[in-house]
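For reference, the structure discussed in these notes is given below.
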Amino acid sequence: MDIRVENVLKEFSRYPALDDVSLEIKSGELIALLGPSGSGKTTLLRLIAGLERPTAGRIFFGDEDASSKSVQQRNVGFVFQAYALFRNMTVLENISFGLKVRPRATRPPRAEIKKRAMELLDLVQLSGLDARYPQQLSGGQRQRVALARALAIEPRVLLLDEPFGALDAQVRKELRKWLREIHDKTGHTTVFVTHDQEEALELADRLVVMSQGKIEQVGSPDTVYDTPNSPFVFGFIGESSRLPVEIDNGELWVGGRAIGLTSGETPKGNALLYFRPHDVELVPEGAALAGVVVASRRVGGTRRVELEIGGNPERVEIDLPFDHPAGEKTRIAFKPKRWRLFPTA
Amino acid sequence: MYEEDIAVYDSRRPPEPAYQHTRPTTEPRWIKWTLIGIGVSFMALVIVLPLVLVFVEAFRKGAEVYFKAFTDRNAIAAIQLTLLVAAIAVPLNLIFGVAAAWAIAKYRFWGKSFLVTLIDLPFSISPVVSGMVYVLLFGAQGLIGPWLRSNDIEIIFAVPGIVLATIFVTFPFIARELIPLMQDQGTTDEEAALSLGATGWQTFFRVTLPNIKWGLLYGVLLCNARAMGEFGAVSVVSGHIRGKTDTMPLHIEILYNEYNFAGAFAVASLLAMLALVTLIVKTVLEFRYGDELAGTRSH
Ligand SMILES: Nc1ncnc2c1ncn2[C@@H]1O[C@H](COP(=O)(O)OP(=O)(O)O)[C@@H](O)[C@H]1O
Ligand SMILES: [Mg+2]
């Protein structure tokens with residue numbers, strides 16, 4: 001099911017939680033809404049579900065305008081951040097709930113409902129736990145039940161709000177892989193919300209990066225990571241270093257020294273230089289960025305050093321091989337292999 | 001804790017060693033026991049003793065007299081009326097209470113905090129005043145009294161007035177019990193049910209109601225105890241017509257004023273038993289489902 005969000009505005013007590021948001025979601029894709037807390041991810045998801053009404057704008061399911069449809073009519077599978085399992089029902093009853101509440105005309109026979117619920121339980125690898133109550137399950141198991149319950153109604157789209165947010169790192173990783181498998185198996189159009197970039201980068205076909213009620217960038221994980229289109233996205237996705245520079249004569253200058261990088265199309269004036277700490281090469285001193293090591297620490301297989309450049313108050317970080325001899329006060333010259341410039345006003 | 005016990009009771013150790021661990025909230029033992037002592041004797045004096053005395057008085061002249069008190073026509077009428085009033089007031093307050101709690105806990109609307117205050121009003125107002133309000137409203141000289149009389153509708157000094165006054169006085173019990181509980185539970189369970197295609201009614205009966213059932217039972221229990229025991233408000237609107245508008249508490253007062261102590265205490269013992277049963281069920285509920293009862297946390 002294609003979903004189209006058109007110029008949606010959502011205000012809570014006159015403060016916009018979403019401001020003129022448009023987005024197209026393709027049938028069958030797994031898309032992640034990624035952004036810091038409060039950026040409007042949950043609000044957008046709830047608007048798609050019909051749990052919230054837009055102040056302005058429209059939402060289409062396929063060609064059909066769903067804006068005025070209720071949540072029941074939209075037939076979406078929604079998985080809540082805190083699972084929201086019905087505590088007075090067993091796992092099996094939770095999963096069959098959506099089928100049991102159907103009007104008689106469309107309700108499958110009881111045996112059929114049970115059979116389907118059992119199949120779903122199997123799909124989420126919880127066979128044998130059908131008679132348990134939610135309180136008797138671990139967080140990861142509850143999340144699986146919540147997903148099975150959402151899948152039971154054969155939703156047109158699956159919406160997940162921070163599905164792994166409350167789980168510990170190990171379980172998160174497993175469930176992540178598992179969600180991808182389920183998605184590939186069932187082929188549902190799936191939108192999930194996360195504030196964890198690693199999760200989004202690993203899991204999603206496409207990312208929607210949000211900030212302050214607006215969409216900053218939409219694209220594949222590679223596109224967003226390699227060509228962030230705003231300082232926000234560059235800073236939010238992946239590791240980044242930034243440095244204020246001046247642009248003059250088609251060249252970049254720091255503290256009156258040219259650093260051997262060309263400015264391309266960016267106009268003359270002040271700008272911020274962004275690059276990835278790991279995406280640098282060490283060069284002999286000269287027309288390059290040169291600084292003094294002020295701190296250094298080992299991060300996994302690399303050594304991350306903090307450099308002070310030309311007395312600049314802002315420090316930059318770069319990665320070196322962990323056996324690099326650089327110590328404190330060592331002077332290091334480097335060039336970013338890839339970088340982006342964002343003019344400052 | 002143990003350190004402290006030893007320090008106080010073991011005379012071989014120097015008193016109050018400098019390194020002694022004492023929790024900041026721990027008072028010396030004698031204060032603790034004095035406080036417990038005061039509390040227990042107060043309870044015994046003010047609650048247990050009167051309760052025991054009610055039964056002692058009721059049976060003073062023997063079981064025969066005791067049971068005979070209930071064969072009195074007026075006593076039977078009073079018991080019936082009390083049951084009738086409770087049977088109307090409690091279900092109505094159940095519906096009102098759930099509706100009010102639902103509105104307050106699950107929606108945001110203008111004037112909500114005012115509504116919450118309003119729900120508490122019957123708690124803070126003297127029951128006599130509550131009764132008088134109804135007299136002012138429906139009485140012969142009241143606001144709509146003449147209209148009622150011309151249409152042959154009796155409210156004051158009749159059963160409807162008693163029911164109304166009882167509903168008013170007992171309104172807060174269920175609502176107050178449910179509001180914090182429902183606020184605590186939020187709306188995600190309901191949203192989950194709706195997103196799965198359930199209608200509003202299905203959501204209420206299959207999800208909301210089971211989530212609040214113990215709190216609701218608790219509220220109903222307290223509401224019922226009060227509905228059967230209410231004296232002040234009912235006394236004002238009843239008119240004390242024997243065998244017609246006397247509830248149990250009113251009947252007890254009449255018997256008592258007539259120096260019919262055996263009769264008065266016999267009927268009183270019924271109310272006392274109601275109180276005991278309420279107390280026991282309430283305790284069981286609190287013990288068993290404490291975390292699902294808002295009342296045990298907020299009162
Ligand atoms: N029901 C609500 N009432 C008022 N403000 C809300 C409500 N829901 C969300 N907001 C506000 O909207 C903004 C976006 O919230 P949300 O969509 O929950 O962000 P996210 O899920 O990205 O953390 C926040 O500033 C939040 O305070
Ligand atoms: Mg959120």
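Chain A is the first sequence line, chain B the second, and so forth, proteins listed ahead of strands; every chain is numbered from 1. Because the structure is a prediction, the values reported are computed rather than measured.
Y15(A) OH: 12 or fewer foreign heavy atoms inside a 6.0 Å radius. More than 12 non-hydrogen atoms from other residues, nucleotides or ligands lie less than 6.0 angstrom from CD of E6(A). Surrounding CE of M273(B) are more than 12 heavy atoms belonging to other residues, nucleotides or ligands, all under 6.0 Å away. Residue D63(A) places its CG atom among 12 or fewer non-hydrogen atoms of other residues, nucleotides or ligands, all under 6.0 Å distant. Under a cut-off of 6.0 angstrom, the local environment of CZ in R110(A) is sparse, with at most 12 non-hydrogen atoms contributed by other residues, nucleotides or ligands.
When all heavy atoms are compared, the tightest approach of V101(A) to L196(B) is CG2-O, 4.0 Å. Residue V207(B) comes nearest to M89(A) through the heavy atom pair CG2-CE, 4.4 Å, listed as atom of the first residue, atom of the second, then distance. Of all the heavy atoms in A192(B) and A84(A), the pair that sits closest is CB-O, 3.9 Å.
Looking only at heavy-atom pairs under 4.5 Å with chain A, the residue among T199(B), T188(B), D189(B) that has the most is D189(B). Of the listed residues I153(A), L99(A), L159(A), the one with more heavy-atom pairs under 4.5 angstrom with chain B than any other is I153(A).
Using a 4.5 Å heavy-atom threshold, the side chains of F78(A) and E191(B) count as separate.
Using a 4.5 Å cut-off between heavy atoms, Q202(B) touches chain A through its side chain atoms alone. Contacts between R149(A) and chain B at a heavy-atom distance below 4.5 Å involve backbone atoms as well as side-chain atoms. In this structure, no portion of A82(A) lies under 4.5 Å from any heavy atom of chain B.
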